[in-house]
Each structure stands twice: as C-alpha cells, then as structure tokens.
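A short write-up of the structure that comes next.
Below, all heavy atoms of this structure are taken into account, side chains as well, without hydrogens, waters or symmetry copies. Index from 1, following the sequence.
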Amino acid sequence: MESLSNMTSTFPSFLLTGISGLESAHAWISIPFCFLYAIAISGNSMILFVIITQQSLHEPMYYFLSMLSATDLGLTVSTMSTTLAILWFDARKISLDSCIIQMFFLHGFTFMESGVLVAMAFDRYVAICNPLRYTTILTNSRIIQLGLAMSIRSTVLIVPLLLLLKPLSFCKTNVLSHSYCYHPDVIKLACSDIRANSICGLIDLILTTGVDTPCILVSYVLIIRSVISIASPEERHKAFSTCVSHIGAVAIFYIPMISLSLVHRYGHAAPKVLHSMMANIYLLLPPVLNPIIYSVKTKQIRRAIVSLFHKK
C-alpha cells in the first residue's frame, strides 16, 4: 500500500468536473456549449481573416484587434477539448503533465489577453490625445515589438509557476472543481508545502493584472481629460465612441476573472454549480462577445465582413 501511495504521488492524475449537480443533463448542456464554441471560433476567425485580407484594415488599431482575436481563439481551443470530453463522454481523468500543458496555454493566453488590452488602451490614448503623431508612434515595427514583449512576458511568468508543480506530492482527493486545469484549483490538492507556488502565483498576478489594470485606468483618465477639453459635443461623442468597444472588451475580461478569483477565495459555502458556471463564463464570455462587440460597434470591421459575404 505504501508503494502504491508513493506511485500516486509521483504520477498523479486528476478528475475534472463538469457542471456540478447537473451530471445527468450533460448531454443537453453540451448543446449550448457547442453553440458558444462555434460562435467564438467562427467570430474570431472571421475578424482575423478580414483584417489579414483587407488592405484598408492594415492599421494599428486593427492589428491589436487581430491579436485579441488570436488570444481569444487560443483560450477557446485550450479548454474546449476537456470540457466537451466531459459533457459528451464523461472523460474526466487527466494526468499532471497534461494538466500542466493545458495550464501553460490557458494562463499564457490569459496573460497575453491582459497585455493586448493594455496595448489597445495605449492605442486609443495616442489616437485621441496625440492624433498627429499616431502613425509615427505606432509603427509596424513597434507593434511587432509590443506583440513579442507580451508573448515573452507570458512565457517568463508562466513557466516557473508550472515547473514548481512538478515536485509537489498530491495525496489528497484528486477531484478538481472545473472542466479544465486552473492553477489555484490544482495547488489546493497538494499535500506538500505550496508556499513557493503561492508566492510565484501572487508575483504573476501583480505583474499582470496588478500592472495592466492601473495602466488601462490611467489611459482612460488621460483620454477623458483630453476629450472634455474638446469644445464640440459632436467631436466629443465621436472620440468617446471609438473607445466603447475596448471598454466592453476590458469589462467582459476582467469582471469574470475577478469574480472567479473571489469565488475561489471566499465562496467556500457557495453551491458547487456556481463555481462551475463562473469558471465557464470566465473563459467563454470574452471569446464569444468580443467579435460581436467589434463587429457591431466598429464600422470598418462591419463593412469588411458585409463586403466579404457579398463577394461570396
């Protein structure tokens, strides 16, 4: 029995959880999930396609939007396989190595999306507060550098966090709370010292959300101050309208993320179904709503999509 226990600790596996309390209805629940995944994949792929193929959209604002769509696609694909496997086949078992790979993409794309939203806030700040220097500040080479910086930041932050999972022993119950591997959820199951993991996770949180959120807020304070100084109400409205889509993207990314963190930290008495729903909303809402928001609120994107269908 001791050798079996050691083997379990050395080669741990986990059981993912679908929608707690509604396991008998998983087949029916999979229908809206498939619908939402289809919207996320087709919507973000469409945004990427029109930005790549339409010469008129080769501008900084749309380059950043294409990065947002790419990260949303990455988030969707990184969790779709395990979620649908549970809902369709009740395939809940996942090894630690597979869990780490999924967390690399899940948390990596999350960190990247946070960085992209900061870059988009900076883009709106330059466009409104310093429009004459817009093209000289946000050159193609600078946009590429920003994209590389966001990718490097995500990798540098996520790799140590995941490497610290390998030495841990998992000898408690191995049932995870969600249909995918989520770092705070995984380390709660460890029976060895997790202080290093917690400190590393806190550092990552400070260097992503803790830095990105104030940067976005400062950008909008400067934007609002600049727009208020504009005399014409029409021009004020036009300036603010260019920010509506980005504000929506920021809200649907940060609100579910903060809500899930609060549920994990303080919602121990909350029903398990709430944990499950919050976890799925956190990852499904941004990829589903972002392409809809930008298609509806951005005239150039809407025209490009309409013209694409007209040609077909």
Side-chain angles (χ1 to χ4, degrees), residues 4-23 26 75 78-79 81-83 85-87 90-111 114 154 157-210 254-285:
L4 182 62
S5 176
N6 290 336
M7 188 180 294
T8 305
S9 298
T10 309
F11 304 104
S13 61
F14 304 101
L15 292 176
L16 299 169
T17 301
I19 308 298
S20 297
L22 299 174
E23 287 82 3
H26 273 179
L75 276 174
S78 64
T79 57
S81 57
T82 53
T83 302
I86 292 168
L87 296 177
D90 197 32
R92 298 175 58 198
K93 193 172 182 180
I94 186 169
S95 67
L96 176 61
D97 288 337
S98 299
C99 221
I100 287 173
I101 292 169
Q102 186 178 50
M103 282 189 286
F104 174 80
F105 290 106
L106 168 62
H107 292 292
F109 281 121
T110 302
F111 293 164
S114 182
S154 297
L157 291 177
I158 196 65
V159 167
L161 188 71
L162 299 181
L163 287 177
L164 286 169
L165 286 172
K166 290 295 284 183
L168 294 181
S169 298
F170 295 89
C171 49
K172 295 181 181 179
T173 175
N174 60 349
V175 180
L176 297 171
S177 304
H178 311 311
S179 58
Y180 54 83
C181 293
Y182 182 59
H183 183 262
D185 197 27
V186 172
I187 62 170
K188 283 194 300 186
L189 302 181
C191 57
S192 49
D193 188 4
I194 60 168
R195 278 179 295 182
N197 304 75
S198 299
I199 291 168
C200 190
L202 180 61
I203 291 169
D204 284 6
L205 187 65
I206 291 168
L207 293 177
T208 51
T209 307
Y254 282 108
I255 292 173
M257 182 176 70
I258 293 168
S259 300
L260 180 62
S261 299
L262 291 173
V263 166
H264 261 281
R265 189 165 184 84
Y266 302 111
H268 303 296
K272 288 186 177 181
V273 68
L274 177 64
H275 287 256
S276 301
M277 295 308 297
M278 286 303 306
N280 288 300
I281 288 169
Y282 159 59
L283 289 182
L284 268 175
L285 205 63

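Considering all non-hydrogen atoms of both residues, Ser177 and Asp185 come closest at N-OD2, 2.6 Å. Nearest heavy atoms, Leu16 versus Ser179: CD1-O, 3.7 Å. When all heavy atoms of Ser13 and Asn174 are compared, the closest pair comes out as O-ND2, 3.0 Å. Pairing each heavy atom of Phe170 with each of Val186, the nearest pair is CE2-O, 3.5 Å. Closest non-hydrogen pair, Ser169 versus Ser192, comes out as N-OG, 3.1 Å.
Atom-to-atom distance recorded for Ile158:CD1 and Thr110:OG1 is 8.5 Å, nearest 0.5 angstrom. Here CD1 of Ile194 is found 9.5 Å from CG of Leu189. Values are rounded to the nearest 0.5 Å. With rounding to the nearest 0.5 angstrom, the NE2 atom of His26 is 7.5 Å from the CG atom of Asp90. Separating the CG atom in Leu285 from the OG atom in Ser259 is a distance of 10.5 Å, to the nearest 0.5 Å. To the nearest 0.5 angstrom, Leu283 atom CG is 9.0 Å from Tyr182 atom OH. Note that CE of Met278 is 11.5 Å distant from CE of Met257, once rounded to the nearest 0.5 Å.
In this structure, Asn197 has no side-chain hydrogen bond (donor to acceptor under 3.5 Å, both in side chains) partners at least two apart in sequence or on a different chain. Partners of Thr79 according to the side-chain hydrogen bond (donor to acceptor under 3.5 Å, both in side chains) rule, which considers only residues two or more places apart in sequence or in another chain, do not exist here. Annotation: side chain to side chain contact (heavy atoms under 4.5 Å, CB included) contacts of Leu163 (sequence neighbours excluded): Val159. The ring-ring contact (aromatic ring centres under 6.0 Å, His included) check on Tyr282 picks up nothing, with sequence neighbours excluded. Thr17 is linked by a side-chain hydrogen bond (donor to acceptor under 3.5 Å, both in side chains) to nothing, counting only residues two or more places apart in sequence or in another chain. With sequence neighbours left out, Tyr254 forms a ring-ring contact (aromatic ring centres under 6.0 Å, His included) with no residue at all. In this structure, the side chain to side chain contact (heavy atoms under 4.5 Å, CB included) partners of Leu207, at least two apart in sequence or on a different chain, are Leu157, Ile203. Take Ser276 and apply the side chain to side chain contact (heavy atoms under 4.5 Å, CB included) test, not counting sequence neighbours, and it matches Ile19, Ser20. Annotation: side chain to side chain contact (heavy atoms under 4.5 Å, CB included) contacts of Asp193 (sequence neighbours excluded): Arg195.
Of the possible polar contacts, one joining the Tyr180 side chain to the Ala279 backbone as a donor-acceptor pair under 3.5 Å is found.
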Side-chain donor-acceptor pairs of residues 96-108 under 3.5 Å, sequence neighbours excluded:
from   : atom 1 : to     : atom 2 : distance (Å)
Asp97  : OD1    : Lys166 : NZ     : 2.6
Ser98  : OG     : Ser95  : OG     : 3.0
Gln102 : OE1    : Cys181 : N      : 2.8
Gln102 : NE2    : Ser78  : O      : 3.0
Gln102 : NE2    : Thr82  : OG1    : 3.0
His107 : NE2    : His183 : N      : 3.2

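Residues Arg92 and Val175 have side chains in contact (heavy-atom distance under 4.5 Å, counting atoms from C-beta outward).
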